[in-house]
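Working notes, beginning with the structure itself.
Just so it is clear, the values below take in all heavy atoms, side chains as well, and ignore hydrogens, waters and symmetry mates.
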Amino acid sequence: MAGNNGAAGNMGNAGAAGSAPRVDLRRRAPMGQQVEKPKNMRETLGRLVRYFIQSQNLLIGLIIAVVAVTIASLIAPSLQGQVIDAITERSWQEFRTLLILLLITFVANSLFSLAQTLLAARLSQSIVRHMRYDLFRKIDHLPIAYLDQHSNGDVMSRMTNDIENISNTVSQSLGSLISGVLTIIGTVAIMFWYCPQLTLITMVTVILTVLVTTFMSKKMRVVYRRRANALGRLNGHSEEMISGYRTVLAYNRQERTKEEFTELSDRLTKEGIRAEILGGSMGPLMNAISSLGFVIVAACGGYFALNGMITIGVISAFIIYAKQFSRPINEIAQLYGSVQTAVAGAERVFDLMDQPDEDNSGTETIEQMEGNISFRHVNFSYLPGKQVLHDFNLEVKSGQKIALVGATGSGKTTVVNLLMRFYPADSGEILIDGKNIMDLKRDWLRHNTAIVLQDTVLFSDTIENNIRYGNPDADDTALQNAAETSNCAYFIRRLKAGYQTVLKQAGASLSHGQRQLLNIARALIADPKILILDEATSSVDTRTEQRIQDALVNLMKNRTSLIIAHRLSTVQDADAIVVMDKGRVVETGTHEELLKKQGAYYGLYMAQFAGNQT
């Protein structure tokens with residue numbers, strides 16, 4: 001991922017607030033399902049077509065299969081009618097020929113239907129594979145700013161839900177849409193060819209079907225939405241009560257909780273009954289209209305047959321064509337919502353793909369890096385108008401151990417973000433050994449800088465590979481030394497599989513302190529020139545903290561070290577302590593010097609330790 005090259009972890013939220021883009025819910029699908037309506041459907045469809053072109057052989061095969069199925073579906077009723085006429089006319093030779101043709105048509109329809117299903121599934125997976133690859137490649141090069149301003153759930157939703165909607169639509173709806181349009185055109189053409197008068201009469205039932213479907217869909221959207229809301233409230237209440245069960249018991253709220261649950265459950269029951277009644281009425285209504293159409297075709301067709309305008313076989317074919325005509329209309333109406341949702345999902349995926357990549361400018365390196373760091377008149381803001389650093393200046397000499405302290409929001413982590421090139425400074429410059437970091441290769445910079453965050457980042461892999469993440473080329477000796485120096489070797493040896501222990505759920509079976517020790521081992525094996533510790537010891541107990549402090553004394557020799565800490569006991573031996581407040585440096589000095597000044601650092605120190613001295 002962007003920002004992981006040689007660094008010992010991913011940067012957490014840097015304070016830039018943001019929210020996921022809002023979803024446009026102007027239209028809802030039948031049955032109460034929410035539908036996201038795309039903002040620019042034509043452009044999005046144009047970009048989707050490019051993915052179809054990448055799998056054009058499958059697409060062509062699918063279209064051929066759909067056309068073949070449609071043709072077979074259109075021919076079958078006509079052949080059935082001719083068979084009936086052959087029986088009426090007692091033309092047994094023609095009857096046998098037509099029966100064989102009808103059998104061939106049914107077999108072809110079945111085979112091409114199977115091919116359509118298989119090709120649609122393969123096409124959808126091929127398209128999704130290419131989209132997921134492009135999307136993940138984009139995520140791998142996104143700037144930290146984007147990930148800070150968008151929730152992880154929003155990004156993951158685009159990778160999973162949105163692309164899955166596209167897959168489902170391609171596999172389940174694309175063939176039906178093409179077939180539906182062809183069936184409607186072909187059916188109308190054949191019906192008009194047989195008998196224009198009866199075709200116009202049949203259209204009455206089709207129009208009635210569309211009107212009833214539209215009316216019922218509107219009613220069902222309202223009722224199903226109410227049921228979904230009632231279910232959501234019941235689920236939310238149940239989740240709150242279960243997760244907060246101790247609090248419910250502590251305050252004797254069991255009875256009130258049951259009353260609230262009963263009230264919500266009764267409301268859901270009422271809405272559910274209404275939804276089921278309305279939803280269940282759709283089938284009988286459609287059957288009634290279909291039966292009405294049968295009566296109309298039979299009555300009018302019989303009249304036309306008696307007058308010699310059509311044959312009995314044509315009446316039989318018309319009955320089938322009338323049903324065949326209304327079916328794709330209903331299907332297309334039902335598929336409209338899923339197509340809209342899929343296109344809206346594709347729009348969200350393309351929106352992420354269109355984000356600019358992380359800045360990868362800079363071509364220089366430093367052959368013999370010493371680790372001198374200079375911040376000169378640096379100004380920075382995550383959001384326009386909300387400046388975080390104000391004319392920030394800091395000089396760190398090679399091998400120095402510098403601590404950044406201050407209240408939350410004073411800009412300490414922002415300094416690290418800028419140094420790692422997770423964000424660019426608004427103005428001013430940041431130098432390493434006299435060279436602007438924007439002129440240095442980004443990957444080279446991060447390869448020579450290791451960072452240990454307050455929030456531990458481990459992967460579902462072996463302990464050995466988690467430590468080697470900082471330097472995949474490190475040998476076994478370096479691995480052992482890193483584990484020993486970071487004081488995590490003692491608990492690794494206790495594990496049954498040792499270094500080959502596979503961490504599940506990012507190390508959930510380990511204590512928070514043990515996970516942090518593994519993160520520190522990862523930084524150690526990277527052997528960086530610049531070491532950054534962002535509250536690295538905040539999640540360990542006092543004894544473990546002391547072990548880490550002892551190990552870091554040797555680790556920091558001949559390395560430039562920046563330490564961000566709230567616990568001042570961990571930075572008292574720093575070469576210099578930089579006190580920050582509202583993005584500015586207010587004091588600089590050693591622990592003893594700052595205590596003598598009785599300024600900002602003195603206030604922080606007394607707030608933490610005054611209670612221990614009474």
Side-chain angles (χ1 to χ4, degrees), residues 3-12 401 403 416 446-567 569-571 573-574:
N4 282 348
N5 297 341
N10 294 329
M11 200 64 183
K401 175 182 177 182
V416 174
R446 292 174 182 169
H447 179 75
N448 286 277
T449 307
I451 181 170
V452 180
L453 302 173
Q454 178 180 2
D455 298 324
T456 58
V457 179
L458 296 175
F459 302 98
S460 297
D461 202 340
T462 63
I463 288 179
E464 176 182 343
N465 289 340
N466 268 280
I467 296 176
R468 288 185 186 275
Y469 197 82
N471 184 4
D473 298 326
D475 56 25
D476 291 341
T477 301
L479 175 71
Q480 297 287 341
N481 289 339
E484 292 289 348
T485 307
S486 62
N487 286 304
C488 63
Y490 77 95
F491 76 80
I492 295 176
R493 285 192 290 265
R494 295 179 183 176
L495 300 174
K496 186 176 181 180
Y499 287 90
Q500 300 306 315
T501 301
V502 177
L503 301 180
K504 300 295 180 64
Q505 298 180 356
S509 60
L510 302 178
S511 70
H512 202 79
Q514 289 173 331
R515 296 198 296 271
Q516 189 65 289
L517 289 172
L518 290 177
N519 265 334
I520 293 173
R522 180 190 296 168
L524 284 163
I525 203 171
D527 193 23
K529 281 293 183 180
I530 297 176
L531 180 67
I532 300 172
L533 304 175
D534 189 351
E535 294 290 343
T537 61
S538 62
S539 300
V540 297
D541 57 75
T542 305
R543 179 177 297 178
T544 303
E545 178 185 343
Q546 187 58 51
R547 289 177 178 173
I548 295 173
Q549 293 299 330
D550 293 341
L552 292 179
V553 170
N554 294 325
L555 170 66
M556 293 180 185
K557 289 181 179 179
N558 301 319
R559 289 189 176 90
T560 305
S561 304
L562 288 179
I563 304 173
I564 297 175
H566 285 291
R567 294 162 65 175
S569 61
T570 64
V571 297
D573 61 339

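- Two residues are said to be in side-chain contact when any heavy atoms from C-beta on lie closer than 4.5 Å; N448 and I530 fail this criterion.
- Separating the CD1 atom in I467 from the CZ atom in R522 is a distance of 9.0 Å, to the nearest 0.5 Å.
- Atom CG of N466 sits about 11.5 Å away from atom CD1 of I525, to the nearest 0.5 Å.
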For this session: Would you check, one step at a time, whether the test side chain to side chain contact (heavy atoms under 4.5 Å, CB included) holds for F459 with N465?
Result: CA-CA 9 Å; F459 302 98; N465 289 340; over 6 Å; no
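- Between the side chain of R493 and the main chain of G498, no donor-acceptor pair closer than 3.5 Å is present.
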For this session: Would you please test T462 and Y499 for side chain to side chain contact (heavy atoms under 4.5 Å, CB included) and show each step?
Result: CA-CA 7 Å; T462 63; Y499 287 90; over 6 Å; no
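- Between atom CG of residue D475 and atom OG1 of residue T477 there is a gap of 4.5 Å, rounded to the nearest 0.5 Å.
- Taking OG1 of T501 as the start and CZ of R494 as the end, the distance is 13.5 Å to the nearest 0.5 Å.
- In this structure, P528 and T449 have side chains that are not in contact, with every pair of non-hydrogen atoms separated by 4.5 Å or more.
- Side-chain contact between D461 and V502 is absent, with no heavy-atom pair separated by less than 4.5 Å.
- Between L503 and L510, the closest side-chain pair of non-hydrogen atoms falls below 4.5 Å.
- Within the 4.5 Å cutoff, the side chain of L531 has heavy atoms near those of the S561 side chain.
- With salt bridges taken as basic N to acidic carboxylate O contacts below 4.0 Å, one links D573 and K401.
- Looking at every heavy atom in both residues, A574 comes nearest to A403 through CB-CB, 4.0 Å.
- The shortest distance between side-chain heavy atoms of L479 and E464 falls below 4.5 Å.
- With rounding to the nearest 0.5 Å, the separation of CG in L562 from CG in L533 is 9.0 Å.
- For D476 and R468, the salt-bridge test passes: some basic side-chain N is under 4.0 Å from an acidic carboxylate O.
- Here the side chains of I563 and D534 are not in contact, with every heavy-atom distance at 4.5 Å or above.
- Residues A521 and C488 come closest through the heavy atom pair CB-SG, 3.9 Å.
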Problem set entry | side chain to side chain contact (heavy atoms under 4.5 Å, CB included) evaluation trace for I492 with L518 | CA-CA 10 Å; I492 295 176; L518 290 177; 4.0 Å; yes
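- For the atom pair CZ (F491) and CD (Q514), the distance works out to 4.5 Å, reported to the nearest 0.5 Å.
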